Amino acid sequence: MKHATHIALLAVLFGLVLTSCHKPQPLPREQLLHRLRVLQEQGCMFGHQDDPFYGIGWEYEPNRSDVLETCGDYPAVMGFELGGIEKGDAKNLDSVPFDLMSREIIAHHQRGGIVTISWHPRNPLTDTDEPQEWPAGSAWEATDGTLAAILPGGEKHELFLTWLERVRVFLLSLRMDNGQPVPFIFRPWHENNGAWFWWGATHCTAEEYQALYKLTQDNINNSLFPSVVWSYSPNLDGNMPEEKFLQWYPGDERIDLIGLDAYEWGTEEDFIRQTRADLDVLCRFAAQHHKLIALTECGFANVPDASWWDRILLPILCDYPLSYALVWRNAEHEFFGPVPTNPESVTHFRAFHDAPRTLFLKDITPHK
Ligand code: BMA
C-alpha cells in the first residue's frame with residue numbers, strides 16, 4: 001500500500017515537472033501577430049470590407065462574395081464594422097445583423113482568413129434615443145468637446161463606459177465551438193487626422209485623443225482579453241513627417257499595426273504621390289519600431305477605371321512591405337471592390353489577383 005502511494009506521488013510529481021517544463025501556448029494575439037509577420041514576407045494580402053454580406057445586386061446570400069465570384073478566391077482579409085453595438089442595436093449602421101457578423105467572423109477565421117474590425121460609434125455627446133436625421137448623433141457629427149465629455153470627469157464618461165462595455169462583450173463573444181477566442185485586428189479611432197469624425201484632430205487635443213485610445217484599450221483588455229492586435233490608422237495626408245505622426249500616435253506599447261486609410265478622391269497623380277509620400281514615412285517608422293504596416297482602408301469609389309487595380313494599386317503594393325490592403329464595401333450607393341458582372345473589372349481584378357505580390361485566401365492557407 002505504502003509502495004503504491006509512493007509511486008502515485010512520484011507520478012504526480014513527474015506530471016508537475018512535465019507541465020512546468022511545457023512551454024505555455026502563445027496567446028491568440030501573439031499567434032496572429034506571428035502569422036502576420038510571416039505572411040508579410042510572402043506578399044500583400046487583399047482585404048474587403050463586409051465581403052460576405054452583400055455585393056453588386058445581392059445581399060445576405062450564404063457563401064457569396066463579389067471577390068470570390070470575380071477571381072475564384074475569397075479575400076485573405078475581411079473587414080467588419082461595429083457601429084451601433086455601443087447602443088445595443090441588433091444591426092450595425094450599415095444594416096448588418098450582429099449575430100450574422102459574429103458567425104461570419106468565426107467562419108472567416110476558420111477558413112484560414114484574417115479578420116479586422118472597425119468601429120464608427122455614435123456621438124456620445126449628441127446622440128439621443130429618438131430617431132435623428134443623419135449626421136446628428138452619428139460618428140460624423142463632429143462636435144468639439146466630445147472627447148472632454150467622455151474622458152474621466154466628463155459629463156458623458158459613465159455613458160461612454162457602458163458603450164465600451166458592449167463592445168468588449170461582443171468582442172469577447174467571438175469564439176469557436178471549442179471556446180478558443182478568434183484573434184483579430186481592431187482599429188478604433190481611425191482617420192483621426194481628418195475633421196469628419198468627432199474624434200478628429202480639429203475637435204480635440206492630441207493628449208485627449210491618446211487618453212481616448214488608452215481608455216478604450218484598457219477597458220477592452222480588462223478581464224483576460226488575449227485576442228486583439230491593435231491598429232492605429234490615420235488618413236492619407238501627403239505630408240506626414242514623423243513629428244506630425246508621433247503627435248497623435250498612442251505609443252509603441254499600445255500599437256501593433258500602423259495603418260493608412262488612403263482613398264483616391266482627387267486625381268490619380270495626387271493619390272499616387274500622396275500615398276507614396278505617407279508610406280515612405282510610415283514604413284520607415286514601422287520598420288524602426290518593429291510594427292506591422294497596412295493600407296487599412298483604400299479604394300477608388302465605383303472604380304470608374306477598372307485598370308486602377310493593376311495599374312495604380314498593384315505597383316504601390318509592390319513597392320512597400322504592406323501586410324494587407326483592404327478596400328471598402330460594395331454598398332448599393334457606392335462600391336470599392338471588384339464587380340463580377342463587369343468584364344473590364346473581371347479582367348483587371350484577375351490580373352491583380354494573379355500578380356505574385358498579392359495574397360488571397362488560398363495563398364495564405366496552402367494546407368487547406
Ligand atoms: C463609410 C461609408 C458609410 C458607412 C461607414 C461605416 O465609409 O461606407 O456608408 O456607414 O463607412 O461602414
Side-chain angles (χ1 to χ4, degrees), residues 31-49 51-52 65-79 108-109 111-116 185 229 231 236 257-264 268 271-273 275-280 282-284 286-287 290-300 303 305-328 330 336-340 342-368:
Q31 287 173 2
L32 176 55
L33 277 168
H34 176 72
R35 185 164 180 231
L36 290 171
R37 290 206 179 94
V38 170
L39 289 170
Q40 192 178 19
E41 299 292 315
Q42 294 168 15
C44 175
M45 293 186 281
F46 176 75
H48 189 210
Q49 183 74 7
D51 185 78
S65 148
D66 279 351
V67 172
L68 176 71
E69 288 167 32
T70 305
C71 70
D73 199 0
Y74 282 112
V77 179
M78 283 190 190
H108 192 56
H109 173 70
R111 64 167 80 96
I114 306 287
V115 169
T116 174
I185 301 160
V229 165
S231 164
L236 182 67
L257 183 148
I258 294 167
L260 181 69
D261 286 11
Y263 287 92
E264 180 172 326
E268 191 172 289
F271 173 72
I272 296 170
R273 184 177 46 76
T275 304
R276 286 181 178 272
D278 285 354
L279 286 179
D280 284 340
L282 296 188
C283 287
R284 204 178 322 122
H290 309 292
K291 304 295 169 192
L292 292 153
I293 175 103
L295 279 177
T296 37
E297 284 186 36
C298 63
F300 185 17
V303 208
D305 172 359
S307 73
W308 187 82
W309 293 111
D310 48 333
R311 191 174 54 82
I312 305 294
L313 185 59
L314 183 59
I316 295 174
L317 308 192
C318 287
D319 286 350
Y320 294 94
L322 297 162
S323 166
Y324 70 91
L326 177 139
V327 297
W328 209 239
N330 275 8
F336 294 87
V339 180
N342 175 331
E344 283 204 9
S345 181
V346 173
T347 305
H348 288 284
F349 193 77
R350 281 198 184 152
F352 175 81
H353 165 270
D354 294 346
R357 175 76 185 136
T358 53
L359 304 176
F360 285 67
L361 185 73
K362 285 176 194 157
D363 303 311
I364 68 164
T365 54
H367 55 285
K368 292 211 171 185

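Computed from a predicted model, the values in this text were never measured in an experiment.
Contact check for S231 versus T296: side-chain heavy atoms found under the 4.5 Å cut-off. Side-chain contact between L260 and L236: present, with at least one pair of heavy atoms (C-beta onward) separated by less than 4.5 Å.
Residues passing the side-chain hydrogen bond (donor to acceptor under 3.5 Å, both in side chains) test with S65 are D51, sequence neighbours excluded. Partners of F352 under the ring-ring contact (aromatic ring centres under 6.0 Å, His included) rule, at least two apart in sequence or in another chain, are F46, W309, F349. Residues forming a salt bridge (charged side-chain N to carboxylate O under 4.0 Å, His left out) with R111 (at least two apart in sequence, or on another chain): none. In this view, D319 and R276 satisfy the salt bridge (charged side-chain N to carboxylate O under 4.0 Å, His left out) rule, not counting sequence neighbours. Under the side-chain hydrogen bond (donor to acceptor under 3.5 Å, both in side chains) criterion, E69 pairs with R64, not counting sequence neighbours. Annotation: side chain to side chain contact (heavy atoms under 4.5 Å, CB included) contacts of A325 (sequence neighbours excluded): C44, L295, C298, L317. Every residue meeting the salt bridge (charged side-chain N to carboxylate O under 4.0 Å, His left out) condition with D261, not counting sequence neighbours, appears here in chain and number order: R187. E268 meets the salt bridge (charged side-chain N to carboxylate O under 4.0 Å, His left out) test with R311; sequence neighbours excluded. Residues passing the ring-ring contact (aromatic ring centres under 6.0 Å, His included) test with Y320: none are found, sequence neighbours excluded. Under the rule for a side-chain hydrogen bond (donor to acceptor under 3.5 Å, both in side chains), the partners of E264 that lie at least two apart in sequence or sit in another chain are W308.
Remark: the backbone N or O of P340 is not paired with any side-chain donor or acceptor of D66 at under 3.5 angstrom.
Summarising the geometry, atom CG belonging to L39 is positioned 10.0 Å from atom CG belonging to D363; distances are rounded to the nearest 0.5 Å.
Across all their heavy atoms, R35 and I364 have their closest contact at NH2-O, 3.1 Å.
Identified under the side chain to side chain donor-acceptor pair (under 3.5 Å) test for residues 346-359, with sequence neighbours left out: D310-H348.
Tested against V77, the residues H108, M45, Q49, H48 include a single side-chain contact (heavy atoms from CB on, under 4.5 Å) partner, M45.
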